[in-house]
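Below: one structure, written as structure tokens.
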Number of protein chains: 2
Amino acid sequence: MTPARRRDSARSRELLLQAAVELFTERGFDRTTTREIGERAGVDPTLIARYYGGKTQLYVAAMEAEFGSAPPADLLDEDRLRMLLDGVLRRGPGPAYRVAVQPYDDPVVQDTARTQLHDRLVAPLTDHFTRSGLDRPRLRAELAVAAFVGVMLGRGSGAFDQLAEAGPDELLLLVRDLLGGVLPRS
Amino acid sequence: MTPARRRDSARSRELLLQAAVELFTERGFDRTTTREIGERAGVDPTLIARYYGGKTQLYVAAMEAEFGSAPPADLLDEDRLRMLLDGVLRRGPGPAYRVAVQPYDDPVVQDTARTQLHDRLVAPLTDHFTRSGLDRPRLRAELAVAAFVGVMLGRGSGAFDQLAEAGPDELLLLVRDLLGGVLPRS
DNA sequence: ATCTGAAGACATCAGCTGATGACATGACTC
DNA sequence: GAGTCATGTCATCAGCTGATGTCTTCAGAT
């Protein structure tokens, strides 16, 4: 974080975005208020409207920031899976994960989530399956990603005791095996 | 549906519950209003407070009604999986599925969802794994259920094109193989 | 030093939501 | 048929939420 001038719109924008990513990840869109975002960011919440246009557009920006410059990740590559899993365990499953599990009214939100998930997760898997000569590569990829999303969100839901407590190493092995289920048995 | 007397509290209760299950399934708790529930049920929405105590308690009732008298289902038993999948494809993943993927404020809602999911889905799988002599049977069961929930919710989210269009037969085979991933490779 | 526009703070609005209390109406008992 | 309680209806409230418009304040240019 830069030095902190008294007035710095770029910095305020960034603080709002960061707080939004955190809160949207923790509670989702509906249960997060613009006032909470402003409070956590230490920035007046009305600036959300000024800099982003509104709460909805901030959510879109949060989804785009969520993956950042991270490269697409093949969930069946153990190293890539480890990196992705580490990130999610540290920061939680971001805003796009939630849209993958509940439809939203705004088509822009929908499209952004679908695009992000597709580019980062579905497409690499689809390629993987295509190279392997499997039928329905795209469907298999979407299935695996949806399952992965379910597991990541399930960890923090309070509905699964042991899943919430499982450590990274153990989780990595189990998730790897689970996702391996979309491949034909050897 | 019974004959339809002019005044029948039991019937009104039931209509409200049915509408609630549908709407909570379609849009979740936050995006469903008591007025919508009343409208769909053809019943005055204030009766929700009278008969159930409030929207939250109605959600709890909806979760309990969701599984009805359905017996616990071992997701790794192909016949049971088919039955469960058919139900979800017809009626959608109910209120308890949503709680499995996002924490709720009310502890009663949390506990009800956890209990329902555990009794109906996690416990049978845990037994299955225990009988198979696998390590971490409970964790594996929770993982499989979370993945299943992710796939079911992902179908209706609009984020996965092919998953949304996949037919029951195709889906059954793929989900069966996916969940088989929690078993050691033969 | 002054001016000016950007950046931020503040008060406030309109809409929605769940809930409540008062009232009306019907059904059943005696 | 009078009385009584369950059932249903209606108006309304208080709180929250996102958004807007106005005013203040500061930084940098001239």
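A note on names: the letters A, B, ... follow the listed sequences, proteins ahead of strands, and every chain is numbered from 1. Below, each value reflects all heavy atoms present in this structure, side chains not excepted, and no hydrogens, waters or symmetry copies.
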Can you tell me how the ring of A/F29 sits relative to the ring of A/Y59, calling it parallel under 30°, perpendicular over 60° and tilted otherwise? perpendicular
Separation of [N] [atom2] from [X] [atom1] (nearest whole Å):
X      : N      : atom1 : atom2 : value
B/D105 : C/dG18 : CG    : C1'   : 15 Å
A/I48  : D/dT17 : CD1   : P     : 13 Å
B/I37  : C/dT17 : CD1   : P     : 11 Å
A/L16  : D/dA19 : CG    : P     : 13 Å
A/Y52  : C/dA7  : OH    : P     : 13 Å
B/D8   : D/dG8  : CG    : P     : 7 Å
B/D30  : D/dT17 : CG    : C1'   : 13 Å
B/E36  : C/dC16 : CD    : C1'   : 11 Å

Using modelled atom types only, decide if a donor and an acceptor are shared between the side chain of A/R80 and the backbone of A/P72 within a distance under 3.5 Å. yes
When you get a sec, tell me which of [options] is the closest nucleotide to the side chain of [X]?
X     : options                : value
B/K55 : D/dG18, D/dT7, C/dG18  : C/dG18
A/Y51 : D/dA11, C/dA7, C/dT17  : C/dA7
B/L47 : C/dA7, C/dC10, D/dG8   : D/dG8
B/T33 : C/dA27, D/dA19, C/dG18 : C/dG18

Base, sugar-phosphate alone, or nothing: which one does A/T56 contact when heavy atoms must sit under 4.0 Å apart? nothing
Would you mind classifying the nucleic acid contact of B/S12 as base, sugar-phosphate or nothing, using non-hydrogen atoms under 4.0 angstrom? sugar-phosphate
Are A/R136 and B/Q162 close enough that a side-chain donor and a side-chain acceptor fall under 3.5 Å? yes
Side-chain contact, heavy-atom cut-off 4.5 Å: B/R114 with A/F160? no
Does D/dG18 have its OP1 or OP2 closer than 4.0 Å to a side-chain nitrogen or oxygen of A/T34? yes
Phosphate OP1/OP2 of D/dA6: any B/S9 side-chain N/O under 4.0 Å: no
Does B/R40 pair with B/E26 as a salt bridge, N-O distance under 4.0 Å? yes
Nearest-nucleotide 5' precedence on DNA chain C, B/G54 against A/T46: A/T46
Taking for B/A10 and for B/R35 the nucleotide of DNA chain D with the nearest heavy atom, the one nearer the 5' end belongs to B/A10
